[in-house]
Amino acid sequence: MNQKKIKVAVTRQLPEPVETRMKELFDVNLSNSPYPLNIDELYEIVYDCDVLVPTLGDKIDKNFIKEAGKNLKLIANYGVGYDHIDVLSANNLGITVTNTPNVLTEDTADIAMALILSIPRRIKEGVKKLEDNEWDGWAPNALLGHRIYGKRLGILGMGRIGQAIARRAKAFGIQIHYHNRNRLPVKLEEILEATYWESLDQMLARIDFLSINTPHTPSTFHLINARRLKIMKKTAYIINTARGEIIDENALTRMLRSKELAGAALDVFEKGNEINPRLKELDNVFLLPHMSSATIEGRIEMGEKVIINIKTFSDGHTPPDIILIN
Ligand code: GLV
């Protein structure tokens, strides 16, 4: 494929340095929308393109892929999560799919750690008291939270982000437990001082904080369902910086309301930005608008990865971040 002629369609406005570089390298159709395009707009931009650069919120399903146009050869996702793309259908039609791993690991782990620290220590409630001019001064019983040091953190999904959270949590004196499809090498477990639980249920019964760091796939949808939430201690907190669909949000809301769980800190929700209003009302929750990877550095590096994937692919090589479905 001749690089000058490669046609790239981008579905969302990207950081300016990324767009500038793309303009230099490709025949690129950029988007000026910060929000997802509707299906007709998506068809319009992908028509006659060799490469589509979608991102979170774009529904790249089987039907879309089938109708996307005969030139489409690469879907270079801007983002690490690819649960919005039907990779198998793309591959079946000879379309390669890539993502942007690694570059947002540390940023996401920072926010997960911030949430682990914030929710047991009631940071949101403290800030609100001040902002509402309701603070009367220090008092022995005011805003008492729970100690973080010495507690047990269970990490569900011990990939790159899970491990980056474990490193941080260990430095705070937290005991690391994890459940993962595959056990980590013993050397790594020793470095992280991490205890492996083959049974998720057994781990859930013993931990004080649960951090969700597994991708959203058909087998992780509602993995944390009402039954599993009930296994957890009433004093436990849940932190989710992965995907909302992994937790049954309605069951979680019910249990937080009835104090069967101590609290939750969530950066992601089951239905995007349509958050259960009952969840939003609660004091024992700390909610963020899906911003755990939101750093300028990370977003530029994500763009750089997209560009590298497109360039290696168009040069006839296997792109470094090809998604292989196993
Ligand atoms: C962010 O959530 C991403 O998947 O990149």
Side-chain angles (χ1 to χ4, degrees), residues 10-15 17-19 22 31 33-37 52-61 74-87 90 97-116 155-165 211-221 223-224 238-247 249 264-275 286-310 319-325:
V10 181
T11 65
R12 206 81 56 86
Q13 194 170 43
L14 300 178
V18 178
E19 294 194 337
M22 282 185 161
S31 166
S33 170
Y35 307 110
L37 301 179
L52 177 68
V53 180
T55 190
L56 211 106
D58 296 326
K59 200 162 169 239
I60 312 299
D61 61 11
L74 173 68
I75 298 173
N77 187 52
Y78 181 83
V80 66
Y82 50 84
D83 48 335
H84 54 292
I85 303 173
D86 184 341
V87 179
V97 184
T98 58
N99 68 341
T100 61
N102 296 320
V103 291
L104 33 77
T105 302
E106 303 301 329
D107 298 326
T108 304
D110 285 341
I111 290 285
M113 197 62 221
L115 294 178
I116 293 169
I155 299 177
L156 170 55
M158 200 57 144
R160 283 177 292 258
I161 296 173
Q163 290 172 38
I165 295 168
S211 175
I212 306 214
N213 301 103
T214 189
H216 168 220
T217 65
S219 60
T220 63
F221 176 78
L223 185 59
I224 301 300
I238 296 192
I239 293 92
N240 191 2
T241 50
R243 284 292 183 267
E245 291 92 333
I246 297 161
I247 307 182
E249 193 172 294
L266 311 171
D267 185 44
V268 285
F269 306 93
E270 199 176 326
K271 299 200 167 71
N273 59 356
E274 285 168 37
I275 304 171
F286 187 14
L287 310 181
L288 289 180
H290 199 161
M291 57 185 279
S292 57
S293 69
T295 66
I296 294 166
E297 294 87 341
R299 292 287 155 87
I300 291 175
E301 286 167 15
M302 279 162 70
E304 187 66 18
K305 282 215 150 228
V306 168
I307 290 169
I308 291 167
N309 282 320
I310 298 174
D321 304 310
I322 188 165
I323 298 168
L324 298 169
I325 297 287

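When reading the values below, keep in mind they use all heavy atoms of this one structure, side chains included, and skip hydrogens, waters and symmetry mates. Read the numbers this way: they start at 1 and go in the same order the structure lists the ligands and their atoms.
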Between ligand 1 and the protein, give all atom pairs where both partners are nitrogen or oxygen and the distance is under 3.5 Å, as lines of names plus distance to 0.1 Å.
residue  : atom  : partner : partner atom : Å
ligand 1 : 2 (O) : R243    : NH1          : 3.0
ligand 1 : 2 (O) : H290    : NE2          : 2.9
ligand 1 : 4 (O) : G81     : N            : 2.8
ligand 1 : 4 (O) : R243    : NH2          : 2.7
ligand 1 : 5 (O) : V80     : N            : 2.9

Heavy-atom side-chain proximity of [X] to [Y] below 4.5 angstrom:
| X | Y | result |
| --- | --- | --- |
| H216 | F221 | yes |
| K305 | N102 | yes |
| R243 | L56 | yes |
| V97 | I322 | no |

For this session: With rounding to the nearest 0.5 Å, note down the distance linking OG1 in T98 to CD1 in I308.
Result: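 It is 11.0 Å, given to the nearest 0.5 Å.
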Exercise. How far apart are the closest heavy atoms of I111 and M291, and which atoms are they?
Worked result: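 Nearest heavy atoms, I111 then M291: CG1-O, 4.3 Å.
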